[in-house]
Trainee: 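So that we are looking at the same thing, I have put the structure below in structure tokens.
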Amino acid sequence: KYVGNTLVQLYGTSGCLDSAIRAFDAILSRNVYSWSLLMSAYAQSRHLPGVLNVFDMSPQRDLVSWATAVSACTQEQRLDLAASIFKQMPQRNLVSWNILATAYAQCGYPHDSAATLSRMPQLSLVSWNVFLQAYAQMGDLQTAWDMFQAIPDLDAMSWTSMMSALARNGDLSKATELFDAMPSRDLVSWNCLLQANAQTGHLAAASSMFDKMPQRDTMSWNAIIHASVEQPDMSVGRDCFLSMPSRC
RNA sequence: AUUCCCGACUGUG
């Protein structure tokens with residue numbers, strides 16, 4: 001029933017902006033979802049003017065349309081635009097506020113991010129994760145840790161955020177402890193600790209992780225190749241590079 | 001049917 005919208009989404013999320021636009025043009029009866037999906041397609045292709053243009057042309061705008069617009073400004077570091085659009089929103093929900101808090105953090109203002117979150121009447125798990133990341137970004141690992149302990153229903157992002165903060169702070173052993181304690185590990189959590197080891201010269205630990213990983217992507221390969229090249233025997237890095245599949 | 005249904009927010013990079 002929503003074949004047209006689904007096509008726009010499919011092309012949009014895979015970065016085929018032109019195809020997404022053609023799919024959108026082919027839709028006979030566009031609804032508010034169609035317009036949002038086209039905005040998302042532009043956002044995925046990092047084309048902020050396109051996002052805002054579609055937003056302006058939309059016959060109807062709902063919370064999601066507004067949220068998509070603000071979020072697109074955020075990824076281009078346009079805090080001024082994000083804040084300006086946020087102020088004009090006719091309604092706001094929890095997600096809107098989460099996006100604003102994310103905007104502050106991503107533009108280098110973790111204190112404003114935390115201040116925003118602390119004024120919110122309700123917090124979701126996403127909010128808590130942004131909160132934790134804001135304190136980590138300020139370098140306040142103690143508060144981040146206290147928050148980590150207090151968050152109900154921690155998810156993979158909470159665990160990886162905390163682990164990443166510890167690793168960035170130079171506490172590789174605590175980061176490793178956290179990794180081992182995680183209820184489930186995904187590619188991002190593996191890559192995070194792999195990179196932490198690789199970037200600090202722990203080639204043995206990095207290699208061991210690399211071998212044990214259930215899946216690897218280009219970031220995993222990049223991390224291990226960089227680490228291999230940083231040590232005296234250059235042939236290790238070369239062999240590693242040559243053994244990398246063209247698609248992974 | 002504000003409850004179903006196609007869209008928005010957070011982690012490595």
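All values below come from the heavy atoms of this structure, side chains included, with hydrogens, waters and symmetry mates left out.
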Trainee: Given B:G7, B:G11, B:U10, identify the nucleotide with an atom nearest to the side chain of A:Ser40.
Mentor: B:G7
Trainee: Checking side-chain hydrogen bond (donor to acceptor under 3.5 Å, both in side chains) for the pair A:Ser173/A:Glu177: CA distance, chi angles, key distance, verdict?
Mentor: CA-CA 6 Å; A:Ser173 60; A:Glu177 271 179 41; 5.3 Å; no
Trainee: Determine the interatomic distance between C1' on B:G7 and the same-named atom on B:G11; round to the nearest Å.
Mentor: 23 Å
Trainee: Have a look at A:Ser65 and say if it touches a base, only the backbone sugar-phosphate, or nothing, with a 4.0 Å heavy-atom cut-off.
Mentor: base
Trainee: Listed by chain and number, what are the ring-ring contact (aromatic ring centres under 6.0 Å, His included) partners of A:His47, not counting sequence neighbours?
Mentor: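 Per chain and number, A:His47 pairs via ring-ring contact (aromatic ring centres under 6.0 Å, His included) with A:Tyr42.
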Trainee: When you measure from the side-chain N and O atoms of A:Arg168 to the phosphate of B:G13, is any distance below 4.0 Å, counting only OP1 and OP2?
Mentor: yes
Trainee: Clusters formed by hydrophobic residues whose side-chain heavy atoms approach within less than 4.5 Å: which one holds A:Val32, and what are its other members?
Mentor: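 Cluster partners of A:Val32: A:Tyr33.
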Trainee: With sequence neighbours excluded, what pairs up with A:Leu7 under the side chain to side chain contact (heavy atoms under 4.5 Å, CB included) test?
Mentor: A:Tyr11, A:Ala23
Trainee: Do the side chain of A:Gln75 and the main chain of A:Arg46 share a donor and acceptor less than 3.5 angstrom apart?
Mentor: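 No.
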Trainee: Side chain of A:Met219 only, heavy atoms from C-beta on: which candidate in B:G7, B:G13, B:G11 is closest?
Mentor: B:G13
Trainee: A:Asp155 vs A:Ser158, test: side-chain hydrogen bond (donor to acceptor under 3.5 Å, both in side chains). Steps then yes/no.
Mentor: CA-CA 5 Å; A:Asp155 68 0; A:Ser158 331; 2.8 Å; yes
Trainee: As a test of reading the structure: which of B:C9, B:A8, B:G11 is closest to the side chain of A:Thr68, going by heavy atoms?
Mentor: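 From the listed options, B:A8 comes nearest.
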Trainee: Within this structure, what is the CG-to-P distance between A:Asn191 and B:G11, rounded to whole angstrom?
Mentor: 15 Å
Trainee: With a 3.5 Å distance limit and no angle check, can you tell me whether A:Thr200 reaches the backbone of A:Ala196 through a side-chain donor-acceptor pair?
Mentor: yes
Trainee: Donor-acceptor pair, A:Ser127 side chain versus A:Ser124 backbone, under 3.5 Å?
Mentor: yes
Trainee: Reckon A:Asn222 touches a base, only the sugar-phosphate, or nothing at all at heavy-atom distances under 4.0 Å?
Mentor: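 Touches nothing.
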Trainee: If we take the C1' atom in both B:C5 and B:A1, what is their distance in whole Å?
Mentor: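 Per the computed distance, 12 Å lies between those C1' atoms.
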Trainee: Any idea which of B:G11, B:C6, B:U10 is nearest the A:Asn5 side chain?
Mentor: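 Nearest nucleotide to the side chain: B:C6.
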Trainee: Within residues 150-165 of chain A, which residues have any heavy atom lying less than 4.0 Å from an atom of RNA chain B?
Mentor: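 Per residue number, the list reads A:Ala156, A:Met157, A:Thr160, A:Ser161, A:Ser164.
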Trainee: Give the nucleotide from the list B:C6, B:G13, B:G7 with an atom nearest to the side chain of A:Asn31.
Mentor: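 Nearest to the side chain of A:Asn31 among the choices is B:C6.
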Trainee: Output the rounded distance in Å from CZ (A:Phe55) to P (B:G7).
Mentor: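 Roughly 19 Å, once rounded to whole Å.
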Trainee: Among B:G13, B:G11, B:C6, which is the nearest nucleotide to the side chain of A:Tyr2?
Mentor: B:C6
Trainee: Roughly how many Å is it from CG in A:Asn129 to C1' in B:G11, rounded to a whole number?
Mentor: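 Checked: the CG to C1' distance equals 8 Å.
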Trainee: Would you check if the side chain of A:Gln44 reaches a backbone N or O of A:Ser40 as a donor-acceptor pair within less than 3.5 Å?
Mentor: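 No, the answer is negative, given that no donor and acceptor are paired below the 3.5 Å cut-off.
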Trainee: For residues 101-110 of chain A, run the donor-acceptor check on the side chains, cut-off 3.5 Å, and write out each pair with its distance to 0.1 Å, sequence neighbours left out.
Mentor:
unit_1   : atom_1 : unit_2  : atom_2 : d
A:Thr102 : OG1    : A:Asn98 : O      : 2.8

Trainee: Report the distance from atom CZ of A:Phe24 to atom P of B:G7, rounded to the nearest whole Å.
Mentor: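 It is 16 Å, rounded to the nearest whole Å.
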Trainee: Considering only B:A8, B:G11, B:C9, which nucleotide approaches the side chain of A:Val126 most closely?
Mentor: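 Selected nucleotide (nearest to the side chain): B:C9.
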Trainee: Rounding to a whole Å, what distance do you find between A:Leu187:CG and B:G13:C1'?
Mentor: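 In whole Å, B:G13 C1' and A:Leu187 CG are 11 Å from each other.
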Trainee: Starting from P on B:C9, measure out to CD on A:Gln75 and report it in whole angstrom.
Mentor: 9 Å
Trainee: Could you check whether A:Val32 gets within reach of a base, just the sugar-phosphate, or nothing at all, counting any heavy atom under 4.0 Å?
Mentor: base
Trainee: A:Ile27 pairs by side chain to side chain contact (heavy atoms under 4.5 Å, CB included) with which of A:Asn5, A:Leu37, A:Val3?
Mentor: A:Asn5
Trainee: Rounding to the closest angstrom, what is the interatomic distance between B:U10 and B:C6 at atom C1'?
Mentor: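 Each nucleotide's C1' atom is 23 Å from the other's.
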Trainee: Which residues within residues 79-99 of chain A lie with some heavy atom under 4.0 Å of an atom in RNA chain B?
Mentor: A:Asn93, A:Val95, A:Asn98, A:Ile99
Trainee: To the nearest Å, how far apart are A:Trp128 CH2 and B:C9 P?
Mentor: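 Value for this atom pair: 22 Å.
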Trainee: B:G11, B:C6, B:A8: which one has an atom nearest the side-chain heavy atoms of A:Tyr33?
Mentor: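 Of all the options, the side chain of A:Tyr33 is nearest to B:C6.
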Trainee: What is the separation between atom CG on A:Asn169 and atom P on B:G11, rounded to the nearest whole Å?
Mentor: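 The answer, rounded to whole Å, is 19 Å.
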